[in-house]
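Just below is one structure, and these are the notes that go with it.
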Amino acid sequence: MSRIISAAAGAMLVLSLGSIDAKAAYNAAAGKAIYDGSCVACHAAGIMGAPKVGLKTAWTSRIPQGMEAMVQKSIKGYQGTKGMMPAKGGNMKLTDAEVGNAVAYMVEQSR
Ligand code: HEC
């Protein structure tokens, strides 16, 4: 029995390692709640220069830089040409992974 379980665990490990790429590292579905809680205030309507979620043209120049770059800027905050993105959207309680999931959700809604 324990052999079967460890074989299954091994197979799962291989599967999950095999699927680590830029997209799979983030969970867009889990990011929705983060987005609704901490990002929606600026990103739903495109307040203060924030790229509006769901508006493709607001994201076409941003998505090509890659998830990693967008996530790092969202975690640390940055001053862009359109406005100021506060670190973690101003909610410092968020983990880096939660911010990454929120970015994945926003990008998924906007491509
Ligand atoms: C106070 C308003 C505000 C909040 C809240 C906010 N953002 Fe932003 N965000 C901005 C602005 C403004 C920009 C555009 C800055 C620029 O490029 O000029 C931006 C840009 C971005 C970008 C594009 C970055 C890039 O590289 O082009 C991402 C991704 C992003 N925000 C994610 C988030 C996430 C995730 C949250 C919630 C955790 C969040 N934002 C909350 C204002 C906000």
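First listed ligand is number 1; within each ligand, the first listed atom is number 1. Everything numeric here is computed off the predicted structure, so don't read it as measured data.
- Taken together through direct or relayed side-chain contacts under 4.5 Å among Ile, Leu, Val, Met, Phe, Trp and Tyr, Tyr26 and Val53 form part of one hydrophobic cluster.
- Smallest separation of non-hydrogen atoms from Pro64 and Trp59: CD-O, 4.3 Å.
- Heavy-atom contacts of Ala102 reach the following atoms of ligand 1: 35 (C) (cutoff under 4.0 Å).
- Here's the thing with Trp59: none of its N/O atoms is less than 3.5 angstrom from an N/O atom of ligand 1.
- Criterion: ILVMFWY side-chain heavy atoms under 4.5 Å apart, direct or through other members. Under it, Tyr105 and Val99 are part of a common hydrophobic cluster.
- With respect to atom 37 (C) of ligand 1, the closest heavy atom belonging to the protein is Cys39 SG, 1.9 Å.
- Distances between N or O atoms of Ser38 and those of ligand 1 include no value under 3.5 Å.
- Interatomic distance, Glu98 CD to Ser74 OG, rounded to the nearest 0.5 Å: 13.5 Å.
- The shell of residues lying under 4.0 angstrom from ligand 1, judged by heavy atoms, includes Pro86.
- Within the listing of ligand 1, atoms 13 (C), 14 (C), 19 (C), 20 (C) sit less than 4.0 angstrom from a heavy atom of Pro51.
- The distance from ligand 1 to the heavy atoms of Met84 drops below 4.0 Å at these ligand atoms: 10 (C), 11 (C), 12 (C), 42 (C).
- For the atom pair NZ (Lys52) and CD1 (Ile47), the distance works out to 10.0 Å, reported to the nearest 0.5 Å.
- Here the protein heavy atom with the shortest distance to atom 41 (C) of ligand 1 is Gly89 CA, 3.5 Å.
- Angle SD(Met85) to atom 8 (Fe) of ligand 1 to NE2(His43), rounded to 10°: 180°.
- Remark: minimum distance from atom 18 (O) of ligand 1 to any protein heavy atom is reached at Lys82 N, 2.7 Å.
- Distance from atom 27 (O) of ligand 1 to its nearest protein heavy atom, with residue and atom name: Arg62 NH1, 2.7 Å.
- Residue contacts with ligand 1, taken as heavy atom pairs separated by less than 4.0 Å, involve Leu94 solely via side-chain atoms from C-beta onward.
- Backbone and side-chain nitrogen or oxygen atoms of Ala41 are examined, and none is located within less than 3.5 angstrom of a nitrogen or oxygen of ligand 1.
- Protein heavy atom nearest atom 11 (C) of ligand 1, with residue, atom name and distance: Ala50 CA, 3.5 Å.
- Listed by atom number, the atoms of ligand 1 under 4.0 Å from Met106 heavy atoms are 30 (C), 32 (C), 33 (C), 34 (C), 35 (C).
- Contact analysis puts Tyr78 in contact with ligand 1, with a non-hydrogen atom separation below 4.0 angstrom.
- The backbone N or O of Met106 lies less than 3.5 Å from no partner atom in the side chain of Gln109, so there is not a single donor-acceptor pair.
- Contacts of Lys88 with ligand 1, taken as heavy-atom pairs under 4.0 Å, involve the backbone alone.
- The minimum heavy-atom distance between His43 and Tyr35, with the atom names listed, is C-OH, 3.7 Å.
- The minimum heavy-atom distance linking Ile75 with Ala87 is given by the pair O-CB, 3.3 Å.
- Regarding atom 2 (C) of ligand 1, its nearest protein heavy-atom neighbour is Cys42 SG, 1.8 Å.
- Atoms of ligand 1 found under 4.0 Å from any heavy atom of Met70 (numbered from 1 in listed order, with element): 26 (O).
- Atom 12 (C) of ligand 1 has its closest protein heavy atom at Met48 O, 3.2 Å.
- Counting the atoms of ligand 1 from 1 in the order shown, those under 4.0 Å from a heavy atom of Gln65 are 25 (C), 26 (O), 27 (O).
- For the pair Asn101 (side chain) and Asn27 (backbone), a donor-acceptor distance under 3.5 Å is present.
- Atom NZ of Lys76 and atom NZ of Lys88 lie 11.0 Å apart (nearest 0.5 Å).
- Minimum heavy-atom separation, Arg62 to Lys82: NH2-CG, 3.9 Å.
- In terms of protein heavy-atom proximity, atom 32 (C) of ligand 1 is nearest to Ser74 OG, 3.3 Å.
- The minimum heavy-atom distance between Met67 and Val107, with the atom names listed, is SD-CG2, 4.3 Å.
- Annotation for Pro51 and Ala58: closest pair CB-O, 3.8 Å, computed over non-hydrogen atoms.
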Output, in order, the C-alpha distance, side-chain angles, deciding distance and verdict of side-chain contact (heavy atoms from CB on, under 4.5 Å) for Met48 and Met84. CA-CA 8 Å; Met48 301 190 324; Met84 209 276 284; over 6 Å; no
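- Looking at ligand 1, you'll find an N or O of Thr81 within less than 3.5 Å of one of its N or O atoms.
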